[in-house]
Amino acid sequence: MAAGSSNYWEDLRKQARQLENELDLKLVSFSKLCTSYSSTRDGRRDRYSSDTTPLLNGSSQDRMFETMAVEIEQLLGKLTGINDKMAEYTNSAGVPSLNAALMHTLQRHRDILQDYTHEFHKTKANFLAIRERENLLGSVRKDIESYKSGSGVNNRRTELFLKEHEHLRNSDRLIEETISIAMATKENMTSQRGMLKSIQSKMNTLANRFPAVNSLIQRINLRKRRDSLILGGIIGICTILLLLYAFH
């Protein structure tokens with residue numbers, strides 16, 4: 001019965017780790033897609049002198065964003081279900097005496113789920129804000145071009161308005177680069193945090209499963225120290241005898 005419960009717990013942990021790895025890869029790709037969205041839109045606007053072709057409607061990046069968002073939400077839902085099953089297992093009556101270790105493991109998985117959920121919602125919100133701004137800028141640019149072509153006069157006021165719009169777009173590009181650098185830094189810190197949590201989990205697992213290892217290592221060290229003292233004493237006695245023999 002205990003072996004069956006242990007296997008059930010290990011199976012849940014294996015499923016949780018697999019889902020966490022998949023989520024980590026998906027979130028990295030999702031973040032890269034969001035940071036490259038605006039630069040791609042700027043490149044399209046520079047290639048086309050008119051706005052006869054829609055910038056955002058039917059965009060492959062928009063479809064990819066929607067698809068990846070749905071996939072990540074499904075993975076988060078599955079990981080939430082696994083965590084709920086792990087919580088039910090820890091609260092069941094037949095759980096072995098290592099309940100504290102199980103609760104620690106469950107809390108670690110919950111923290112990882114919370115971090116991934118927060119990162120997903122933040123990245124999604126940033127993407128939607130960028131897309132909304134791109135829609136607004138595209139509409140303003142289209143109005144400017146329509147006014148310019150309709151009047152047929154490239155007057156001084158229109159030139160000043162276009163220059164001001166160009167300055168605003170350059171400022172937006174600098175802000176986007178700063179956001180990209182910040183998100184890349186956050187991504188690296190999240191990866192390092194995951195590695196440290198993994199190392200800590202492995203150390204806790206070893207400490208819980210093999211409590212006699214430290215005792216065995218201490219005994220070995222004591223025996224080595226005793227042998228070193230005996231060997232040092234023998235060498236010292238032999239040295240004294242050789243000196244006495246040499247002087248007599």
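Side-chain atoms are counted along with the backbone in the values below, which use heavy atoms only and exclude waters and symmetry mates. Bear in mind that the values here come from a model prediction, so they are computed numbers and not experimental data. Residue numbers start at 1 and run along the sequence shown.
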Pair Q15-D11, side-chain donor/acceptor within less than 3.5 Å: yes
Listed by chain and number, what are the side-chain contact (heavy atoms from CB on, under 4.5 Å) partners of S29, not counting sequence neighbours? M68
List the atom of K124, the atom of F65, and the distance in Å for their closest heavy-atom pair. CG-CZ, 3.8 Å
Within the structure provided, determine whether L113 and L76 are in side-chain contact (heavy-atom separation under 4.5 Å). yes
Could I get the full list of side-chain contact (heavy atoms from CB on, under 4.5 Å) partners for I235, not counting sequence neighbours? L231, T239
Once ring pair (Phe, Tyr, Trp, His ring centres under 6.0 Å) is applied, do any residues pair with Y116, and if so which ones, sequence neighbours excluded? none
Can you list the residues that meet the side-chain hydrogen bond (donor to acceptor under 3.5 Å, both in side chains) rule with N21, with sequence neighbours excluded? none
Taking the side chain as C-beta and beyond, is there a heavy-atom pair between Y89 and L106 under 4.5 Å? no
Are the side chain of S191 and the backbone of E187 linked by a donor-acceptor contact shorter than 3.5 Å? no
Report, as yes or no, whether the 6.0 Å neighbourhood of atom CD on E132 holds more than 12 heavy atoms from other residues, nucleotides or ligands. no
Residues that R193 engages under side-chain hydrogen bond (donor to acceptor under 3.5 Å, both in side chains), provided they are two or more places apart: D115
Could you check whether atom NZ of K186 has more than 12 heavy atoms from other residues, nucleotides or ligands sitting under 6.0 Å from it? yes
Which other residues belong to the hydrophobic cluster containing I179, where Ile, Leu, Val, Met, Phe, Trp and Tyr are joined when side-chain heavy atoms lie under 4.5 Å apart, directly or via other members? I175, M183
